[in-house]
Novice: 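Below is the structure I would like to discuss, written out as structure tokens.
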Amino acid sequence: MKTIVLNEPGDLMEKDAPDPARLGANEVLLKVRCLGICGTDLHAYKGRQPFFTYPRILGHEVAAEIVSFGQHVTHLRKGDMCTVLPYRNLIADQAVKSGKVNCGSGLHYMGVHEDGAMREYFIRNAEDIILCKDLDAEQIAMIEPLSIASHAIERACIKPSDIVLVAGAGPIGILTIAMGQLKGARFLATDLNQQRLAFVKEKYPATDIIVTNDHLLSNIRELLEGDLPTIIIDATGNRESMMNCFEYVAPGGTIVFLGLFTGNIEFSDPKFHAKETTLKSSRAAVPEDFRKVIRLLQGRTINIDGLITHRLQFDSLTDTFPQLYNPDKQVIKAVIEF
């Protein structure tokens, strides 16, 4: 079985691995059809991904076909298309018991803590399989990142009267805007990359765009006639951007850190206190986010047309993967076709 392994930063290697072993009673054999390339994968390749160990098989944005399953699996059928819940808890701790299954102390993430789906076949427990009727492989591969965005939107508790600034117009930031606009609030997007901001404006014309620069705060105030965003969702994973959120948020507002980096955040406690700011993080997603996203895609309620700008072939991935870092390629979202 062909497998792509990231041995260490910058060393993506094709290997011939043994075919999957005999299935357990509750296990499912999956054939990968399409795989989204996440920021997690891109950071891991460069050696900048927290919680990561090498060597590792990347990949967790999965569209797969069910090949076979164990004797206790009765709700699935061969040939069904599905995605997988790519995180599982090894310990049923307080968080898991309270329903925060995305925050367990024993959380394992496919492609990070354990091997992912950058291979022809893999085995997953049946409880992690989520069927995706009437969706094509590329749509299915976008369910996990859309679920990440969905979870951040729910963490933000957006009301129609809110002004929401999304910092970072990468794939997750763009999908956060797509999901968030269903709440009826006003959205702004900011980024250093003007090409990505242009994409946002073309696909989601109701969103105001602002280039990130040294005058961002005054530019926000000018656009909002002196006001500030009541909610900021930072999807940059950039320390400076995340710390600036405390300056940009309106009094009584909410900051949600969706991106992350390896390091510490500092802010002025008196200013934080004076504004009575609410600070939250948003980690991964929960099963209900997946189910909601699938319903939205099936009902054509959410627009992700054009988000996928690059399609790489699995058979030549070790040669083409580094091209995703080339600014001239203007990559927004890439997938791997099997």
Side-chain angles (χ1 to χ4, degrees), residues 36-40 42-43 61 142 145-146 148-150 152-153 156 158 162-250 253-261 282 302-311 323-335:
I37 298 175
C38 177
T40 299
L42 296 170
H43 293 323
E61 299 178 354
M142 293 300 100
L146 275 165
I148 299 290
S150 167
I153 291 298
I158 297 170
D162 278 315
I163 303 170
V164 184
L165 172 65
V166 175
I172 293 296
I174 293 170
L175 292 175
T176 299
I177 292 168
M179 292 295 300
Q181 288 193 332
L182 301 178
K183 297 290 186 179
R186 181 178 181 181
F187 270 77
L188 290 66
T190 183
D191 199 287
L192 290 165
N193 189 318
Q194 296 189 43
Q195 175 250 336
R196 289 189 169 184
L197 289 177
F199 176 89
V200 169
K201 193 63 180 177
E202 177 185 355
K203 297 299 179 182
Y204 310 104
T207 302
D208 293 300
I209 59 172
I210 311 175
V211 177
T212 302
N213 56 32
D214 293 339
H215 308 290
L216 182 58
L217 179 58
S218 59
N219 290 342
I220 291 172
R221 285 194 179 276
E222 181 179 357
L223 178 66
L224 299 179
E225 298 179 344
D227 288 339
L228 291 171
T230 56
I231 295 174
I232 300 178
I233 302 175
D234 193 293
T236 65
N238 177 274
R239 182 175 185 267
E240 183 178 357
S241 174
M242 294 164 74
M243 290 196 300
N244 284 339
C245 291
F246 296 93
E247 296 290 334
Y248 302 157
V249 72
T254 297
I255 299 168
V256 180
F257 286 155
L258 176 52
L260 77 157
F261 74 103
S282 181
I302 188 166
N303 176 19
I304 58 171
D305 294 343
L307 181 74
I308 298 173
T309 55
H310 291 70
R311 294 164 176 84
Q323 298 176 11
L324 300 177
Y325 299 90
N326 184 348
D328 295 336
K329 296 292 185 181
Q330 297 188 345
V331 179
I332 293 180
K333 185 67 177 178
V335 297

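Quick note: residue numbers are just sequence positions, from 1.
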Novice: Sorted by first residue and then second, give each side-chain hydrogen bond (donor to acceptor under 3.5 Å, both in side chains) pair with at least one member in residues 193-206; sequence neighbours left out.
Specialist: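 Output for this query is empty, none listed.
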
Novice: What pairs with D208 under side-chain hydrogen bond (donor to acceptor under 3.5 Å, both in side chains), at least two apart in sequence or on another chain?
Specialist: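 Partners of D208 under the side-chain hydrogen bond (donor to acceptor under 3.5 Å, both in side chains) test: R186.
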
Novice: So how far is it from I37 CD1 to R311 CZ, rounded to the nearest 0.5 Å?
Specialist: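 I37 CD1 to R311 CZ: 12.0 Å, rounded to 0.5 Å.
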
Novice: Quick check: closest heavy atoms across T190 and V211, and the distance to 0.1 Å?
Specialist: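 Scanning both residues completely, I find the closest heavy atoms to be OG1-C, 4.0 Å.
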
Novice: For D328, what residues pass the side-chain contact (heavy atoms from CB on, under 4.5 Å) criterion, not counting sequence neighbours?
Specialist: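 Counting only residues at least two positions away or on another chain, D328 forms a side-chain contact (heavy atoms from CB on, under 4.5 Å) with N326.
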
Novice: Got a sec, which residues hit side-chain hydrogen bond (donor to acceptor under 3.5 Å, both in side chains) with D234, two or more places apart in sequence or on another chain?
Specialist: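 Only T236, S241 meet the side-chain hydrogen bond (donor to acceptor under 3.5 Å, both in side chains) criterion with D234.
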
Novice: Under the salt bridge (Lys or Arg N to Asp or Glu O under 4.0 Å) rule, collect the residues that match up with R239, sequence neighbours excluded.
Specialist: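 With sequence neighbours excluded, R239 shows a salt bridge (Lys or Arg N to Asp or Glu O under 4.0 Å) to E266, given in chain and number order.
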
Novice: With sequence neighbours excluded, what pairs up with T40 under the side-chain contact (heavy atoms from CB on, under 4.5 Å) test?
Specialist: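 side-chain contact (heavy atoms from CB on, under 4.5 Å) check on T40 returns C38, Q49, H60, V112.
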
Novice: Checking Y325 now: which residues fulfil ring pair (Phe, Tyr, Trp, His ring centres under 6.0 Å) with it, not counting sequence neighbours?
Specialist: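 Y325: ring pair (Phe, Tyr, Trp, His ring centres under 6.0 Å) contacts with Y45.
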
Novice: Report the residues that fulfil side-chain hydrogen bond (donor to acceptor under 3.5 Å, both in side chains) with S282, sequence neighbours left out, ordered by chain and then residue number.
Specialist: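 Per chain and number, S282 pairs via side-chain hydrogen bond (donor to acceptor under 3.5 Å, both in side chains) with no residue.
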
Novice: Apply side-chain hydrogen bond (donor to acceptor under 3.5 Å, both in side chains) to T254 and list each qualifying residue two or more places apart in sequence or on a separate chain.
Specialist: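 T254: no side-chain hydrogen bond (donor to acceptor under 3.5 Å, both in side chains) contacts found.
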
Novice: Table please: side-chain donor-acceptor pairs of residues 170-184 below 3.5 Å, with sequence neighbours left out.
Specialist:
unit_1, atom_1, unit_2, atom_2, d
T176, OG1, I172, O, 2.7
Q181, NE2, T207, OG1, 2.7
K183, NZ, E154, OE2, 3.2

Novice: What residues, two or more places apart in sequence or in another chain, satisfy salt bridge (Lys or Arg N to Asp or Glu O under 4.0 Å) together with E222?
Specialist: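 Scan of E222 (salt bridge (Lys or Arg N to Asp or Glu O under 4.0 Å), adjacent residues dropped) gives none.
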
Novice: Please name all residues satisfying side-chain contact (heavy atoms from CB on, under 4.5 Å) with E225, sequence neighbours left out, ordered by chain then number.
Specialist: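 For E225, no residue satisfies side-chain contact (heavy atoms from CB on, under 4.5 Å) once neighbours in sequence are set aside.
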
